[in-house]
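Predicted model, so just to flag it, every value in this text is computed and none were measured.
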Amino acid sequence: MRTEDRGAAVLVVRVAGNATFLRLPKLLDALEALPADREVRPEVGGLAGWLAEAS
């Protein structure tokens with residue numbers, strides 16, 4: 001997961017790789033660590049696996 005700070009308002013979060021049940025807790029921890037007072041714009045186009053197919 002990579003974040004791109006676009007000023008005071010928006011954080012762009014790019015997620016890439018394999019989306020598996022084993023990786024979800026790590027992804028959740030990383031997302032929960034982001035500032036709560038900022039807009040988060042997820043970009044999940046780089047995901048592979050069941051999570052990408054479900055979106």
Side-chain angles (χ1 to χ4, degrees):
M1 184 174 98
R2 295 179 186 250
T3 58
E4 177 184 327
D5 192 342
R6 293 191 179 171
V10 179
L11 282 174
V12 176
V13 177
R14 289 188 178 88
V15 183
N18 292 319
T20 66
F21 282 110
L22 298 176
R23 297 212 181 244
L24 286 180
K26 187 175 182 178
L27 176 61
L28 181 60
D29 288 343
L31 290 172
E32 287 180 339
L34 295 173
D37 62 343
R38 305 274 301 273
E39 177 185 348
V40 175
R41 184 174 305 150
E43 293 185 1
V44 295
L47 284 179
W50 68 269
L51 183 59
E53 293 168 5
S55 61

Subject >> Spacing of L31 atom CG and T3 atom OG1 [to the nearest 0.5 Å] >> reply: 10.5 Å
**OP:** Name all pairs fulfilling the salt bridge (charged side-chain N to carboxylate O under 4.0 Å, His left out) condition that reach into residues 17-31, sequence neighbours left out, sorted by first residue then second.
**Re:** none
Under 3.5 Å donor-acceptor pairs involving side-chain atoms of residues 32-47, not counting sequence neighbours:
unit_1	atom_1	unit_2	atom_2	d
R38	NE	A8	O	2.9
R38	NH2	D5	OD1	2.6
R38	NH2	G7	O	2.5
E43	OE1	R14	NE	3.0

